[in-house]
Trainee: 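Below is a structure I'd like to ask you about.
Below, chains carry the letters A, B, ... as their sequence lines are ordered, and counting in each starts from 1.
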Number of protein chains: 2
Amino acid sequence: MDITIKQARYFVAAAQTGQVSRAAVDLNVSQSAVTTAIRDLEAHLGVRLFERRSKGIALTETGSRFLPHAEEILAVVQEAVHVVSEQQTNVHGKVRIGMSYTVAGYFAIPLIARVRRRYPGIELELTESARDTIEAAVIQNELDIAIILTSNLKAADFLDHTTLVASQRRLWLPSGHKLAGRGDLPLSVIETEPYILLTVDEAKKTQVRYWEEQNVSPNVTFETSSVEAVRTMVAAGMGITVLSDMVYRPWSLEGQRIETTDISGGVPPMMVGVCWKANTPLEPAAQSVVDFLEQTLVDRRTK
Amino acid sequence: MDITIKQARYFVAAAQTGQVSRAAVDLNVSQSAVTTAIRDLEAHLGVRLFERRSKGIALTETGSRFLPHAEEILAVVQEAVHVVSEQQTNVHGKVRIGMSYTVAGYFAIPLIARVRRRYPGIELELTESARDTIEAAVIQNELDIAIILTSNLKAADFLDHTTLVASQRRLWLPSGHKLAGRGDLPLSVIETEPYILLTVDEAKKTQVRYWEEQNVSPNVTFETSSVEAVRTMVAAGMGITVLSDMVYRPWSLEGQRIETTDISGGVPPMMVGVCWKANTPLEPAAQSVVDFLEQTLVDRRTK
DNA sequence: GATTGATATCAAAAAAACAGATATTGTGTT
DNA sequence: AACACAATATCTGTTTTTTTGATATCAATC
């Protein structure tokens with residue numbers, strides 16, 4: 001009548017390890033328990049979640065759509081269990097939070113929803129806008145905190161910050177591309193392959209920066225501000241790109257697979273963090289939010 | 001090792017009906033199944049979720065904190081199951097959404113999180129601000145849609161809308177108040193009892209409006225813009241108020257109980273809806289979001 | 001075609017959930 | 001104080017589900 005939390009947990013473990021047997025070891029149960037849990041889950045949902053391969057399993061397109069939901073189930077359950085053991089959080093007040101667009105879309109909103117449930121006494125006021133605008137607003141006390149990319153803070157002297165996640169940048173390739181599955185390619189491959197450049201937020205500026213540092217000039221054949229467009233084009237074999245794991249999904253909207261490969265020679269990860277006005281103590285409510293975000297993200301795998 | 005979805009479902013049913021036996025009937029299981037599920041859940045969490053009373057059960061403070069989380073678990077599970085059965089939603093584009101503060105805090109954010117998971121190809125841009133500002137922005141094409149109180153739209157001629165929820169307004173009383181448990185009191189009781197007035201957003205204006213319609217002049221002893229402050233003051237016996245179920249919680253932050261009573265003679269419910277520029281077809285992405293919101297809210301109890 | 005490294009299947013055992021009957025509890029009434 | 005009433009709690013046997021451990025199967029590679 002219903003899927004179970006256990007099924008979700010086994011599914012997530014299997015998806016993350018890419019192997020039923022390894023997931024079983026991690027979960028301290030037998031391999032057959034995981035296999036049957038996944039089989040029952042698939043039967044219940046009426047879809048195939050994994051492709052069975054000789055080396056393990058790989059998410060189907062449906063499976064990769066289901067994965068974030070399954071993770072969300074586990075997160076929500078954990079949070080529900082947690083909330084009752086905490087003594088009442090009496091913090092209240094208003095916290096004004098700024099987020100840049102990509103961060104909001106791929107990262108912050110689910111966290112914000114959790115903050116709201118956790119601190120019912122705190123009123124949150126959210127704003128999405130460009131990084132520069134947000135930095136300025138924090139400095140002018142128009143925002144209390146900001147969740148933004150912290151790698152290249154402009155007003156770094158006037159802002160304190162902590163990092164929430166460091167999301168690895170990897171090379172995105174269409175499935176079956178000649179470079180796929182090699183691992184540890186040098187960044188210079190983007191000079192010979194057609195390159196799709198994402199221009200949203202400060203993605204372009206960041207990329208240009210580390211190209212220059214490594215003296216690489218990519219062969220840009222298309223620029224777009226839409227992550228989905230990049231995904232579609234890469235999947236269609238129109239080019240390759242380098243983007244962070246935070247925005248990576250293994251399938252394009254059209255259902256074609258996208259692979260990733262590590263890049264050797266140090267492409268910096270994308271740093272997302274929370275920042276606030278330097279040398280100014282935060283209001284208790286804002287401090288609670290910052291603490292919660294740090295704490296929540298500590299035991300999260302960098303994905 | 002884990003709570004189960006079934007336990008969450010039974011708990012929610014019991015909390016909503018206020019009776020284990022009634023919940024059991026609704027769920028088509030035996031009363032003992034519900035009782036043991038709740039007992040196991042309480043044992044697992046190590047807290048008491050209900051007070052057992054002769055007429056049924058009532059949430060403890062901890063239980064009422066747990067309830068929204070349990071509901072969230074069920075919602076997330078339902079959504080996870082739903083997402084795999086849908087064929088791929090290819091909609092993409094950008095949708096700019098405006099929300100007023102109260103709506104964002106108590107209603108919209110969890111929905112927005114769901115929209116994001118449901119339509120990964122849609123980029124959402126969120127803005128919170130005052131109702132007037134949002135209406136203007138929609139008309140000037142600076143926002144695509146707005147989630148706001150629709151009872152008193154200012155620019156109603158230029159905006160189309162559909163209602164998402166109608167949240168009943170009820171009288172809030174401290175536990176043990178002489179008027180508690182009576183049911184169907186006339187609105188005129190607020191003339192004799194000290195009244196706490198919420199001033200956030202347009203709450204004040206709305207209240208004044210239906211006071212005038214019914215020729216009632218309340219005995220306002222305190223005004224505040226914080227819902228939590230209202231809750232605390234009512235719980236502490238400093239006055240009573242009339243607010244919608246959307247912002248109602250049975251316990252104050254300090255852990256004191258708040259009761260509600262129906263009001264006879266037609267206090268209008270709070271209408272929350274989504275609106276967009278009249279006579280202008282919505283972009284497909286925005287249309288999808290509107291459709292999703294309507295559809296999601298249809299089978300939700302008006303709480 | 002044998003080996004390796006993975007998943008799938010099967011049957012028995014263990015654990016969990018359920019229904020139905022009964023006990024208990026708390027309120028209000030007489 | 002005893003009783004009736006209306007609810008929840010507990011107990012027991014049964015059914016269902018999950019797990020395990022052993023074995024079968026499959027695909028790639030040597």
Side-chain angles (χ1 to χ4, degrees), chain A residues 1-45 47-60 62-63 70 74 77 175-176 180-182, chain B residues 1-60 62-63 70 73-74 77 175-176 180-182:
Chain A
M1 185 229 161
D2 233 339
I3 65 172
T4 69
I5 292 169
K6 210 169 267 185
Q7 285 168 354
R9 170 158 290 125
Y10 290 8
F11 165 78
V12 169
Q16 285 176 351
T17 58
Q19 285 186 194
V20 172
S21 47
R22 190 122 54 89
V25 173
D26 292 353
L27 294 163
N28 271 311
V29 294
S30 70
Q31 169 256 314
S32 62
V34 178
T35 297
T36 54
I38 291 171
R39 169 166 51 67
D40 293 351
L41 183 59
E42 287 182 323
H44 186 96
L45 297 173
V47 298
R48 206 136 191 80
L49 296 171
F50 290 110
E51 286 170 16
R52 276 65 173 178
R53 300 180 172 185
S54 60
K55 298 178 168 191
I57 53 178
L59 286 170
T60 61
T62 307
L74 300 184
V77 167
S175 178
R182 295 265 198 94
Chain B
M1 183 228 164
D2 232 340
I3 66 172
T4 69
I5 292 170
K6 210 168 266 185
Q7 285 168 354
R9 170 157 292 129
Y10 290 8
F11 166 78
V12 169
Q16 286 176 350
T17 58
Q19 283 186 196
V20 171
S21 45
R22 191 121 53 88
V25 173
D26 293 354
L27 294 162
N28 271 311
V29 293
S30 69
Q31 168 255 315
S32 64
V34 178
T35 298
T36 54
I38 292 171
R39 168 165 51 67
D40 293 350
L41 183 59
E42 288 182 323
H44 187 96
L45 297 173
V47 298
R48 206 136 193 78
L49 296 170
F50 289 110
E51 286 170 16
R52 276 67 173 177
R53 300 179 172 186
S54 60
K55 298 178 168 191
I57 53 179
L59 285 170
T60 61
T62 308
I73 290 171
L74 300 183
V77 167
S175 177
R182 293 266 197 95

Trainee: Heavy-atom distance under 4.5 Å between the side chains of B:H44 and B:D40, does that happen here?
Mentor: no
Trainee: Quick one: does A:T62's side chain have a donor or acceptor within less than 3.5 Å of a partner on A:V47's backbone?
Mentor: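 Checking the backbone N and O of A:V47 against the side chain of A:T62, no donor-acceptor pair under 3.5 Å is found.
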Trainee: Provide, to the nearest angstrom, the distance between the CD atom belonging to A:E51 and the P atom belonging to C:dA6.
Mentor: 18 Å
Trainee: Decide yes or no for B:I73 and B:I3: does some side-chain heavy atom of the first lie under 4.5 Å from some side-chain heavy atom of the second?
Mentor: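 Sidechains of B:I3 and B:I73: in contact.
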Trainee: Tabulate atom names and distances for all N/O pairs under 3.5 angstrom spanning the protein and nucleotides 20-30 of chain C.
Mentor:
{"residue": "C:dG20", "atom": "O6", "partner": "B:S32", "partner atom": "OG", "Å": "3.0"}

Trainee: Would you find a donor on one side and an acceptor on the other, under 3.5 Å apart, between the side chain of B:Q19 and the backbone of B:G56?
Mentor: no
Trainee: In whole angstroms, how far is the P atom of C:dA15 from the NZ atom of A:K6?
Mentor: 12 Å
Trainee: Closer than 4.0 Å, any side-chain N/O of A:S21 to the OP1 or OP2 of C:dT7?
Mentor: yes
Trainee: Write down the distance between CG (B:L49) and P (D:dA9), rounded to a whole number of angstrom.
Mentor: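 Taking CG of B:L49 and P of D:dA9, I get 12 Å after rounding.
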Trainee: Hey, what do you get for CZ (A:R52) to OG1 (A:T35), rounding to the nearest 0.5 Å?
Mentor: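 Between A:R52 CZ and A:T35 OG1, I get 8.0 Å after rounding to 0.5 Å.
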Trainee: Grab the CZ-C1' distance between B:F50 and D:dA7 for me, whole Å please.
Mentor: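 In whole Å, D:dA7 C1' lies 14 Å from B:F50 CZ.
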Trainee: Look only at the side chain of B:Q31 and the backbone of B:A24, and say whether a donor-acceptor pair between them is shorter than 3.5 Å.
Mentor: no
Trainee: A:R48 CZ to C:dT7 C1': how many Å, rounded?
Mentor: 11 Å
Trainee: Between C1' on C:dC18 and CG on B:D40, what's the gap in Å once rounded to a whole number?
Mentor: 12 Å
Trainee: Base, sugar-phosphate alone, or nothing: which one does A:Y10 contact when heavy atoms must sit under 4.0 Å apart?
Mentor: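 Sugar-phosphate contact only.
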Trainee: Just the rounded figure in Å: distance from C1' of D:dA6 to CZ of B:R22.
Mentor: 13 Å
Trainee: Side-chain contact, heavy-atom cut-off 4.5 Å: A:V29 with A:Y10?
Mentor: yes
Trainee: How long is the line joining CZ of A:R39 and C1' of C:dT9, in whole Å?
Mentor: 8 Å
Trainee: Could you check A:Q7 against B:T35 and say which one's nearest nucleotide on DNA chain D is further toward the 5' end?
Mentor: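 That would be B:T35.
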